[in-house]
Number of protein chains: 2
Amino acid sequence: MTIGNKLDIDQGAKIVKILGDKTRLNIVSLLMHDECCVCELVELLEMSQPSISQHVAKLKTAGIVKERRQGQWIFYRVDPDSEAFPLVESIVQHFPNQKDRIRELEVKGLRVCCD
Amino acid sequence: MTIGNKLDIDQGAKIVKILGDKTRLNIVSLLMHDECCVCELVELLEMSQPSISQHVAKLKTAGIVKERRQGQWIFYRVDPDSEAFPLVESIVQHFPNQKDRIRELEVKGLRVCCD
DNA sequence: TGCTTATATAAGTGTTTGCTTATATAATGG
DNA sequence: CCATTATATAAGCAAACACTTATATAAGCA
């Protein structure tokens, strides 16, 4: 997929296509700097659980996010070691940082914490 | 659409979606540094004229490329003044430069020139 | 074991997409 | 004015998409 530091257009277009959806772009913006589980994304994006799970599955299949199971929860985050990461990062940087959205969740007591 | 130097996610996702197609990503990579007309793109991408025209129309409607009519030909190029340009540029930079492809066209005598 | 919570997956459906073929529009040159 | 070239646009169609509802899987806990 890589030629030097360049991506192959066919494979790269698949990554761009996955990110070309407002729900997934939102999810990736959230998961770029924070780890979230599906139920948090359901709250943040106000969408059904199956819909969020399906979007996350596409991101995972594409290698954009990775998962970490902890008890009942599965936490997702953008995989910084992915070959597509530089592309993902340079797209996401054009959109507003989502830290405030996550802070709102904490304030509402909806942030999942398993320490 | 813009908040500071950041794009709105909904509008930005539309730009990313337009670029999430290998044909359009190819076209934009070609038109980032060179001007081409539809018939040149037909040669370069080996696709039908209506198909190329339809892809170019999407890019034009999104404001990603602009046109310049010269006689029978309409030359297209990426619009550097577009609000979406920084996003477009930061996506395209991850893919191979297409200057060689255009040079091949010149060698084959298929490059349109109206000087 | 059985109940609850979290998540995934499957099946169904209306919408969108990207091609095709056919035709329309526009400019050039005899 | 007519033929040619370049481009756009329309109609049709199969495939992909993003939801929905229903169900399956998996972990935690009484």
With a 3.5 Å cut-off and heavy atoms only, can you find an N or O donor on one side and an acceptor on the other between the side chain of B:Q49 and the base of D:dA8?
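Yes, the side chain and the base share a sub-3.5 Å donor-acceptor pair.
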Below the 4.0 Å mark, does D:dC19 have OP1 or OP2 next to a side-chain nitrogen or oxygen of A:S51?
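For A:S51, the contact criterion (side-chain N or O under 4.0 Å from OP1 or OP2 of D:dC19) is met.
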Indicate, with a heavy-atom threshold strictly under 4.0 Å, whether A:K17 touches base, sugar-phosphate, or nothing.
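Contact class for A:K17: sugar-phosphate only.
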Of A:E67 and A:Q72, the one whose closest DNA chain C nucleotide lies more 5':
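This one resolves to A:Q72.
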All side chain to side chain donor-acceptor pair (under 3.5 Å) counterparts of B:E43, not counting sequence neighbours
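With neighbours one apart ignored, the set is empty.
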Nearest to the B:I74 side chain among D:dA8, C:dT7, C:dC19, which nucleotide is it?
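Side chain of B:I74 sits closest to D:dA8.
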Whom does C:dT15 pair with, Watson-Crick or G-U wobble, provided both distances fall under 3.5 Å?
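For C:dT15, the partner nucleotide comes out as D:dA16, under the 3.5 Å rule.
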Pair partner, C:dT21 [Watson-Crick or wobble, under 3.5 Å]
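D:dA10 - that is the nucleotide pairing with C:dT21, both distances being under 3.5 Å.
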Hey, is the main chain of B:C37 close enough, under 3.5 Å, to the side chain of B:E40 for a donor-acceptor pair?
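It does hold such a pair.
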Closest nucleotide among D:dT7, C:dA10, C:dA8 to the B:S53 side chain:
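My answer, after comparing the listed nucleotides, is D:dT7.
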OP1 or OP2 of D:dT20 sitting under 4.0 Å from any side-chain N/O of A:S48?
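Checking A:S48 against D:dT20: at least one side-chain N or O falls below 4.0 Å of OP1 or OP2.
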For B:K60, answer base if it contacts any base atom (sugar-phosphate contacts may also be present), sugar-phosphate if it contacts only those atoms, and nothing otherwise; contact means non-hydrogen atoms under 4.0 Å.
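Contact class for B:K60: none.
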Any chance you could measure A:I102, atom CD1, to A:E35, atom CD, to the nearest 0.5 Å?
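Here the interatomic distance stands at 10.0 Å.
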Picking from C:dG18, C:dC19, D:dA6, which would you name as closest to the side chain of B:C39?
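Nearest nucleotide to the side chain: D:dA6.
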Counting only side-chain nitrogens and oxygens, does A:H55 get under 4.0 Å of the OP1 or OP2 atom of D:dC17?
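So the side chain of A:H55 is outside the cut-off, no N or O lying under 4.0 Å from OP1 or OP2 of D:dC17.
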Proximal nucleotide (of D:dT21, D:dA10, C:dA26) relative to the B:R69 side chain
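In terms of side-chain proximity for B:R69, the closest of D:dT21, D:dA10, C:dA26 is C:dA26.
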Base, sugar-phosphate or nothing for B:K22? Non-hydrogen atoms, less than 4.0 Å.
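It contacts nothing in the nucleic acid.
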Decide yes or no, distance alone: a donor-acceptor N/O pair under 3.5 angstrom between the base of C:dT20 and the side-chain of B:Q54.
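Indeed, a donor on one side and an acceptor on the other fall under 3.5 Å apart.
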